[in-house]
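Down below is the structure, laid out as structure tokens.
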Amino acid sequence: MTATIDNPATTQRTATEAVHAGRSRQQPHHALITPLVQTATYTFEDTAALTDFMHGKTWGDGAPREEYGRYGNPTTRAVEERLAALEEADDALLFGSGMAAVTTTLLSMLSAGSHVILTDDCYRRTRQFVWQFLRRLGIESTTVPMGDYEALEAAIQPNTRLIVSESPTNPYLRVLDLPRLAQIAQAHRVKTLIDTTFATPLNVRPLAYGIDLVVHSATKYLSGHNDVLAGVVAGSADLIAALRGSRGVLGGVLDPHAAWLLERGVKTLALRVRQQNESTLRLAQFLEDHPRVERVWYPGLESHPDHEIAAAQMVGGGGVVSFEIAGTVEDTSRFVDALLIPVIAPSLGGVESLVEQPALMSYFDKSPEERLELGIKDNLVRYAVGIEDADDLIADLQRALAQG
Ligand SMILES: *Cc1c(COP(=O)(O)O)cnc(C)c1O
């Protein structure tokens, strides 16, 4: 009934890059760890040095240097290089949050009179930004159903500049056919931006399939410890250079200390994601066999509508599973309250398991009818699996399902 996603794309190199990429073998003060350069600005020895720098001449000993914190920081830069290596990208750019990464990228790539295509089941704030903010700036959008590639191609207009999607999506873990999307976009000379926060570069690397830009909320798996807000965009040198300029103007930079914490998290990304892939598949299988669970959404299960695409493109199904509990919204809340290990909280991707009922969290302000229209069932539970023992998590689920 169930199957493990088994993709030959190994994660071996990625695990090594997660530990080493972007660091020099010899660093200032012989520090093993990337030094935390907690400074807002940088000094110039004299006017000649300033003039040389401004005219793009090599500085002193030839080492690259920074001018002001909004334009760059060596700690942040080292983490950007590591994340670029993980995505097999030329370059990457960090931001103060995932939304700062998304909004800066969209503002930078779109202008009045242009058109953007979104897939539904896309991060709520991304949709809000496109539907409300970009609309006010004269940028039109079309939202197409996730997985409907004919509708997607039909939505492309002469002024379409960008297709924005996610994979896997929240909360139904829909998986995009990335080569198919890239082919459609390239045929029409439209750029593509994919949010793979839920997958991480351990499970899928969209640039390898011809996607132009990858974005992550690094708040989630990349940092992995629920203690940092950050965002990252990765892609070709040209696109990232343009975005770097926009970031300097729009100002959504990441604080160096947050970058330093993010780097510490990234070092254990491979260990965490492997464990989360494995545990989540086990939880999904357990839930699918339980009589009180009506439906389970996990791309690693054969019952998921995108299982075949996931099996072809992803190393593992990721650390989030969504499922529907038989009964009312209250029955579902009672089950959630009976769980002892996962904590009720938004977000995902950290070492602690988190649980939420989307109807009462992200969609609390909608009526049951509006929620159904948006595809959010009242009895849906989203479970973001941490790195606890899978046996403990399953025993906890079993006990909570047996109650009430
Ligand atoms: C959390 C999240 C975001 C927003 O990221 P922040 O770091 O919270 O700003 C964007 N996309 C997805 C898929 C997310 O899960």
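All ligand and atom numbering here is 1-based and tracks the order in the structure.
- For Tyr42 and Tyr68, the gap between ring centers reaches or exceeds 6.0 Å.
- Polar contact check, Glu166 against ligand 1: no nitrogen or oxygen pair lies under 3.5 Å apart.
- Here is the list of ligand 1 atoms found below 4.0 Å of a heavy atom in Ser97: 7 (O), 9 (O).
- Ion pairing between a basic and an acidic side chain is recognised when a charged N comes within 4.0 Å of a carboxylate O; Arg205 and Glu88 show such pairing.
- Remark: Asp91 engages Arg244 in a salt bridge, criterion side-chain N to carboxylate O under 4.0 Å.
- Between Arg161 and Glu140 no salt bridge is recorded (no basic side-chain N to carboxylate O distance below 4.0 Å).
- Protein heavy atom at the shortest distance from atom 7 (O) of ligand 1 is Thr219 OG1, 2.6 Å.
- Among all non-hydrogen protein atoms, the one lying nearest atom 9 (O) of ligand 1 is Met99 N, 2.9 Å.
- Of the N or O atoms in Leu229, none lie within a sub-3.5 Å distance of an N or O in ligand 1.
- Geometrically, ligand 1 and Gly98 share a nitrogen or oxygen pair separated by less than 3.5 Å.
- Classification of Arg174 and Asp306 as a salt-bridged pair holds, one side-chain N sitting under 4.0 Å from a carboxylate O.
- With respect to Arg295 and Glu324, no salt bridge is recorded, no charged nitrogen being found less than 4.0 Å from a carboxylate O.
- Remark: the Ser24 side chain and the Gln26 side chain contain no N/O donor-acceptor pair separated by less than 3.5 Å.
- Of the protein's heavy atoms, Tyr123 CE2, 3.5 Å lies nearest to atom 4 (C) of ligand 1.
- Taking all heavy atoms of Asp195, Thr197, Val102 into account, the minimum distance to atom 11 (N) of ligand 1 is reached by Asp195.
- Of the N or O atoms in Thr126, none lie within a sub-3.5 Å distance of an N or O in ligand 1.
- For atom 2 (C) of ligand 1, the closest non-hydrogen atom of the protein is Lys220 NZ, 2.5 Å.
- Here Glu352 does not pair with Arg272 in a salt bridge; the nearest charged N to carboxylate O distance is not below 4.0 Å.
- Of the heavy atoms in Ala230, only backbone atoms (N, CA, C, O) come closer than 4.0 Å to ligand 1.
- Under the 3.5 Å distance criterion, with hydrogens and angles disregarded, a donor-acceptor pair is assigned to the side chains of His188 and Glu153.
- Not a single heavy atom of Gly349 sits less than 4.0 Å from an atom of ligand 1.
- Nearest to atom 8 (O) of ligand 1 among the protein's heavy atoms is Ser217 OG, 4.1 Å.
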